[in-house]
Colleague: 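Before anything else, here's the structure in question.
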Amino acid sequence: MHERQIVLNELAQGIRPVSEGAAWFAALAEDEQRLVLTELVQFCVQARAVETDAEEAIARSGLRPTYTPAVMLTRWRLNMADLPPYDRARAFRLLVALFAIADTRRRERYCVGGCGHEWHQLAAREDAGPGSTWASVGGSHTDGVRGRAQRST
């Protein structure tokens with residue numbers, strides 16, 4: 001799994017705090033932010049998110065229901081990658097919440113007795129959670145591309 005995928009799954013599973021993920025997302029270059037939002041939508045769909053999850057996702061994200069990403073979600077318009085920067089940050093929080101809801105439901109229904117999904121084994125890893133794929137958000141390592149964190153060793 002790629003670093004982004006690990007981070008997004010750790011956020012959805014509560015292994016990593018959303019506030020840390022939001023800071024990580026804010027530090028990414030614009031093109032990386034768009035890619036992360038696109039991947040989050042794919043993860044939500046793969047985890048079988050449904051329209052009825054929208055209200056809970058909005059509540060969990062802490063967003064006002066009148067913010068553009070929240071309105072888009074209530075209309076099941078998931079393509080949020082082209083939103084302006086201030087709405088992309090909101091969309092990130094919202095889509096992480098939606099992913100968490102759908103993935104939790106999927107794990108409870110289909111993976112309760114164990115599964116082979118690599119992303120459902122993250123909590124068991126010794127290097128899981130904050131500091132595993134990047135240094136603390138305030139002092140992250142970068143790989144030379146503005147704001148893109150690299151795996152800490």
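Just the heavy atoms: all of them, side chains too, but no hydrogens, waters or symmetry mates, feed the values below.
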Colleague: side-chain contact (heavy atoms from CB on, under 4.5 Å), that's the test. Do Arg88 and Glu30 meet it? Break it down for me.
Modeller: CA-CA 9 Å; Arg88 281 196 308 267; Glu30 186 175 324; 3.3 Å; yes

Colleague: In Å and rounded to the nearest 0.5 Å, what is the CZ to CD1 distance from Arg16 to Ile6?
Modeller: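 Answer rounded to 0.5 Å: 9.0 Å.
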
Colleague: Determine whether Gln46 and Arg106 make a side-chain contact, defined as any pair of heavy atoms from C-beta on separated by less than 4.5 Å.
Modeller: yes

Colleague: side-chain contact (heavy atoms from CB on, under 4.5 Å) for Phe99 and Asn9? Distances and angles first, verdict last.
Modeller: CA-CA 9 Å; Phe99 180 34; Asn9 276 280; 3.3 Å; yes

Colleague: Taking all non-hydrogen atoms of both residues, which atom of Pro65 and which atom of Ala70 are closest, and how far apart?
Modeller: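 Shortest heavy-atom separation between Pro65 and Ala70 comes out as O-CB, 3.6 Å.
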
Colleague: Starting at CG of Asp82, measure out to CG of Asp87 and round the result to the nearest 0.5 Å.
Modeller: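 It is 12.0 Å, given to the nearest 0.5 Å.
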
Colleague: What distance separates Leu95 CG from Leu78 CG, expressed to the nearest 0.5 Å?
Modeller: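 With rounding to 0.5 Å, CG (Leu95) is 7.0 Å from CG (Leu78).
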
Colleague: So Trp24 and Phe92, would you call those rings parallel, tilted or perpendicular, with 30° and 60° as cut-offs?
Modeller: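 Tilted, since the angle between the ring planes falls between 30° and 60°.
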
Colleague: Taking all non-hydrogen atoms of both residues into account, name the closest pair between Leu73 and Ala57 and its distance.
Modeller: CD2-CB, 4.0 Å

Colleague: Under the ring pair (Phe, Tyr, Trp, His ring centres under 6.0 Å) rule, what pairs show up with a residue in residues 50-87, not counting sequence neighbours?
Modeller: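 Passing the test, one end in residues 50-87: no pairs.
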
Colleague: Roughly how far, to the nearest 0.5 Å, is CZ of Arg90 from CZ of Arg64?
Modeller: 8.0 Å

Colleague: Looking at Leu94, Val71, Leu98, which one forms a side-chain contact (heavy atoms from CB on, under 4.5 Å) with Ile58?
Modeller: Leu94

Colleague: Tell me whether Arg34 contacts the main-chain N or O of Ala81 through its side chain, where contact means a donor paired with an acceptor under 3.5 Å.
Modeller: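 At least one qualifying donor-acceptor pair exists.
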
Colleague: What is the minimum heavy-atom distance between Ala12 and Ala100, and which atoms define it?
Modeller: O-CB, 3.2 Å

Colleague: Same cluster or not: Met80 versus Val45, using hydrophobic residues (I, L, V, M, F, W, Y) connected whenever any side-chain heavy atoms lie under 4.5 Å apart?
Modeller: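 Linked within one cluster.
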
Colleague: Rounded to the nearest 0.5 Å, how far apart are CG of Asn79 and OG1 of Thr38?
Modeller: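 It comes to 6.5 Å.
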
Colleague: Under the side-chain contact (heavy atoms from CB on, under 4.5 Å) criterion, do Leu83 and Met72 qualify, and how do the steps go?
Modeller: CA-CA 11 Å; Leu83 290 170; Met72 289 176 70; 3.8 Å; yes

Colleague: Using side chain to side chain contact (heavy atoms under 4.5 Å, CB included) as the criterion, list what pairs up with Glu56, not counting sequence neighbours.
Modeller: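 Result, side chain to side chain contact (heavy atoms under 4.5 Å, CB included) vs Glu56: Arg60, Ile101.
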
Colleague: Restricting to side-chain hydrogen bond (donor to acceptor under 3.5 Å, both in side chains), what partner residues turn up for Arg77, sequence neighbours left out?
Modeller: none

Colleague: Passes salt bridge (Lys or Arg N to Asp or Glu O under 4.0 Å), Asp103 versus Arg48? Steps please.
Modeller: CA-CA 8 Å; Asp103 190 57; Arg48 299 182 179 135; over 6 Å; no

Colleague: Which atom names give the shortest non-hydrogen contact between Ala102 and Cys44, and what distance separates them?
Modeller: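 Closest heavy-atom pair between Ala102 and Cys44: CB-O, 4.4 Å.
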
Colleague: Please find the pair of heavy atoms, one from Arg93 and one from Ala22, that lie closest to each other, and give the distance.
Modeller: NH1-CB, 3.5 Å

Colleague: Would you please test Arg4 and Glu32 for salt bridge (Lys or Arg N to Asp or Glu O under 4.0 Å) and show each step?
Modeller: CA-CA 10 Å; Arg4 278 189 318 274; Glu32 284 286 314; 3.6 Å; yes

Colleague: Test your reading of the model: is there a side-chain donor-acceptor pair from Asp53 to the backbone of Val50, 3.5 Å cut-off?
Modeller: yes

